[in-house]
2 protein chains.
Amino acid sequence: MPERIIKAFKNAEIEKISHLDYFNIAVSVDCVILGYEDKQLKVLLIKSDLEEFSGLNSLLGDLVRPDEDLDEASYRILRERTGLNDVYLEQVQTFGRLDRHPSGRVVTTAYFSLLDLHHHQLRLSHNDLRWHPINKVGKLAFDHKDILDSCLHRLRQQVLERPLIFSLLPEKFSLRQLQEVYEAILGTELDRRNFRKKVSLKDWLVDLGEMETDVPHRPGKLYKLNPGLKKRLRARLRVS
Amino acid sequence: MPERIIKAFKNAEIEKISHLDYFNIAVSVDCVILGYEDKQLKVLLIKSDLEEFSGLNSLLGDLVRPDEDLDEASYRILRERTGLNDVYLEQVQTFGRLDRHPSGRVVTTAYFSLLDLHHHQLRLSHNDLRWHPINKVGKLAFDHKDILDSCLHRLRQQVLERPLIFSLLPEKFSLRQLQEVYEAILGTELDRRNFRKKVSLKDWLVDLGEMETDVPHRPGKLYKLNPGLKKRLRARLRVS
DNA sequence: ATACAAATATGTACTTGAAACACATTAACC
DNA sequence: GGTTAATGTGTTTCAAGTACATATTTGTAT
């Protein structure tokens, strides 16, 4: 099999290099798993078990198995680490620096995913898994800080255009909650009145006719995501 | 070395699979090389030399060498295929479907690049290399049609925000030429007056004080890209 | 019961940017 | 020297975004 691939790529110079070398690159995926809590965007990190990075945290990743798609691999990681299945996941960028992994050549594809940190099905797989506020993430293992930053950059770019943000919220939410998530992601304050106008012009929200409870002030209306959009969100990965 | 990586990813389930299997995935890059000619956006394609795809064209790609970065690999392909060095290159997406390569498992990272199709240094490496108008690209080998589409999508998304487009043009160009390139990329017609207003508000252009020659009508002013932006364009890859 | 605090809900004026449209000017060509 | 086909520069209109104000509702403390 390997030889067939090499042959397929028929390149004079390639022949000089041992065929096996071409399979000396491992492929992994890394997931930037994001949640929202206490008015902060948080990322799920695990203590690195490599000596080289002792004391540092890292993203959640794994080698891609020979029989699985890249997207499948990242869904697997999500499932294994959080117990959640139906989450938003988007490929962002692939990192291939030669020295990015101390043990050898590993090319990794970064994904970010958004989930409801208080989802009743959420079961973290490991004691060393912790949610860290985005603003307080320091040095990370590997090039994971770069990966995190590039995912955050993509998220910020997309969040105003497409209804991603709802994956971070529970089924029912108030406009104030929604605004607070935007503010946490964008790192800015938004004008409440303009914000409400803007989202109500899109077709993203459905008024549930219910009210908040257990708030120490006048309760606001509760909304949910327009169900028509929910499908399209999940479907995106398969298509692109 | 391989074993160290496996160990580094310490995952109970992984151990069940033969270690070597993890290096049974090859990594490649594919370049969507775009140029502009005759009011059309064109992509550089080569006849596929795989039996499975006989008669079909494919993008230009190659396996990534064990000692080279992903970005380096795509620069190498560009250099080898076009003789050009100083071109715009941007990573877009990584494709990893199990059956995307008939000879085995190959994960490929797609890049698009923009170059001046009439550059004096352009030397196509191969007789089977041809420029194809993107509107007339039919079936391609592998999943290269998907790759092409995703690169075009990214290009269309970026072209209004950032001054990429100048890589497709010669050093000196008129506003009409510039507008025609935009129209070719976006597939729409633009209002000349609004277009001129819009670009002149950005700091992208420098008036050369020269005029077009050899045009069968009133010649227009010639411009060049603001030199300050040129550096930032090239630098982008390294940073992100 | 009532006043107060704090957040909801809705509305208006102003500014900026995009879209539609018009006309005078210049150079090549016959 | 008139015609043609572009260039070059407006203006008006409309939509979207920003800044800002006021009335309303509920919980809480007195």
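Hydrogens, waters and symmetry mates play no part in the numbers below; they use all other heavy atoms, side chains included.
- Between A/Glu212 atom CD and C/dA6 atom P the separation is 17 Å, expressed in whole Å.
- Residues forming a salt bridge (Lys or Arg N to Asp or Glu O under 4.0 Å) with B/Arg97 (at least two apart in sequence, or on another chain): B/Asp99.
- Contact footprint of chain B on DNA chain D: nucleotides with an atom under 4.0 Å from a non-hydrogen protein atom, first to last in 5' to 3' order, D/dA6 to D/dT11.
- In this structure, A/Arg218 places its CZ atom 4 Å from C1' of C/dT8, rounding to the nearest Å.
- Residues satisfying the salt bridge (Lys or Arg N to Asp or Glu O under 4.0 Å) criterion with B/Asp143, sequence neighbours excluded, are B/Arg100.
- Of all the residues in residues 181-199 of chain A, A/Asp191, A/Arg193, A/Asn194, A/Lys197 reach under 4.0 Å from DNA chain D with at least one non-hydrogen atom.
- Among residues two or more places apart in sequence or in another chain, the side chain to side chain contact (heavy atoms under 4.5 Å, CB included) test is passed with B/Thr213 by none.
- Every residue meeting the salt bridge (Lys or Arg N to Asp or Glu O under 4.0 Å) condition with A/Glu37, not counting sequence neighbours, appears here in chain and number order: A/Lys42.
- Ion pairing between A/Lys224 and A/Glu171 fails under the 4.0 Å rule for side-chain N and carboxylate O.
- Look at NZ on B/Lys202: it is 11 Å from P on C/dG17, rounded to the nearest Å.
- Partners of A/Phe173 according to the ring-ring contact (aromatic ring centres under 6.0 Å, His included) rule, which considers only residues two or more places apart in sequence or in another chain, are A/Phe166.
- Atom NE2 of A/His217 is separated from atom P of C/dA9 by 10 Å (rounded to the nearest Å).
- Between the NZ atom of B/Lys221 and the P atom of C/dT26 there is a distance of 12 Å, given to the nearest Å.
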Under 3.5 Å, which donor-acceptor pairs link side chains of residues 123-138 of chain B to any protein atom two or more places apart or in another chain?
from     : atom 1 : to       : atom 2 : distance (Å)
B/Arg123 : NH1    : B/His120 : O      : 3.1
B/Ser125 : OG     : B/Arg81  : NH1    : 3.3
B/His126 : ND1    : B/Asp128 : N      : 3.0

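- Checked against salt bridge (Lys or Arg N to Asp or Glu O under 4.0 Å), A/Lys198 has no partners two or more places apart in sequence or in another chain.
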